[in-house]
Colleague: 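A single structure is presented below for examination.
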Amino acid sequence: MMDDLFPDDVPDWREALEPGAMVLRGFALPHVPLLLAGVNRVAAAAPFRHMHTPGGFRMSVALTGCGHAGWVSDRHGYRYQAHDPLSGQPWPPMPAGFAALAQQAAAEAGFAGFLPDACLINRYEPGARMTLHQDKNERDFSQPVVSISLGLPAVFQFGGNERSDKTQRVPLAHGDVVVWGGPARLRYHGVLPLKPGLHPLLGECRINMTFRKVY
Ligand code: MD6
Ligand code: FE
């Protein structure tokens, strides 16, 4: 009988948020050294920078990226583009191991065969936040987004398909991975202002990496 209440094919490190959205607690922990080495290499070629919204506001989150496309925001709007506007060069290639890890995480959440072509890297310092938004600049909404949290903990807001829908608050810690797609793919979401703190590996900082299939 207990088997019905707690099916053993759903280990408790996987938390379903709602259909299509899942948190994989600690999934990235064994891969932190690889991820941080890769982030450092990317940031050496394409430094973290604070972009401006189309309305002219400086974003509190600093951003870089790697792979075939990077996310860019300026007074003309936001979009993906193949070149880093700071250098005029293509974004750095995705470090070895990144895509395979994102693919494994997606498969754990029920999205087999995910082949990301871009990884956006966000850096939060205390006070930085991400207002509610949808990820909808990608071409193919049948592909999920895989999001890895590193460093200081944060509170993720997860809402509905309208900005005004009520949101749930999901705490995310170092090594947690969120996968969403399918019916959850266009949900509004954001990150509450980062609380001050000192992470043993990353100091006063949270890094979020989101893997997408843009093209
Ligand atoms: C963040 N993440 O966690 C911001 N988007 O810092 C996102 O905006 C996000 O985590 C799409 C899917 C997963 C995410
Ligand atoms: Fe997002």
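Counting convention: from 1, in listed order, for ligands and their atoms alike.
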Colleague: Looking at Arg187, is its backbone amide N or carbonyl O close enough to the side chain of His189 to form a donor-acceptor pair, meaning the two atoms are under 3.5 Å apart?
Modeller: yes

Colleague: What's the shortest distance from atom 2 (N) of ligand 1 to any protein heavy atom, and which residue and atom give it?
Modeller: Asn208 OD1, 3.5 Å

Colleague: Is Asp135 close enough to touch ligand 1? Criterion: a residue heavy atom under 4.0 Å from a ligand atom.
Modeller: yes

Colleague: So which of the N, O or S atoms of Asp135 lies nearest the Fe ion (ligand 2)?
Modeller: OD1

Colleague: Where does the angle between the aromatic ring planes of His31 and Phe27 fall among parallel (under 30°), tilted (30 to 60°) and perpendicular (over 60°)?
Modeller: tilted

Colleague: Inspect the contact between Arg25 and Glu15 and indicate whether a charged nitrogen and a carboxylate oxygen are less than 4.0 angstrom apart.
Modeller: yes

Colleague: Angle class for the Phe98/Phe211 ring planes (parallel below 30°, perpendicular above 60°, tilted otherwise)?
Modeller: perpendicular

Colleague: Under the 6.0 Å and 45° cation-pi test, does Arg185 pair with Phe141?
Modeller: no

Colleague: Thr210 heavy atoms, cut-off 4.0 Å: which ligand 1 atoms fall inside?
Modeller: 9 (C), 10 (O), 14 (C)

Colleague: Using the rule side chain to side chain donor-acceptor pair (under 3.5 Å), only one of Gln157, Gln134, His133 pairs with Tyr188; which is it?
Modeller: Gln134

Colleague: Do any nitrogen or oxygen atoms of Tyr124 come within less than 3.5 Å of a nitrogen or oxygen of ligand 1?
Modeller: yes

Colleague: For atom 13 (C) of ligand 1, what's the nearest protein heavy atom and its distance?
Modeller: Ser147 CB, 3.4 Å

Colleague: For atom 5 (N) of ligand 1, grab the closest protein heavy atom and report residue, atom and distance to one decimal in Å.
Modeller: His189 NE2, 2.7 Å

Colleague: Any idea which atoms of ligand 1 are less than 4.0 Å away from a heavy-atom of His133?
Modeller: 8 (O)

Colleague: If I compare all heavy atoms of Glu108 with all of Leu24, which pair ends up nearest, and what's the gap?
Modeller: CB-CD1, 4.0 Å

Colleague: Counting each atom of ligand 1 from 1 as listed, which ones have a heavy atom of Arg206 under 4.0 Å away?
Modeller: 1 (C), 3 (O), 6 (O)

Colleague: Closer than 4.0 Å to some heavy atom of Val191 - which atoms of ligand 1 meet that?
Modeller: 1 (C), 3 (O), 4 (C), 6 (O)

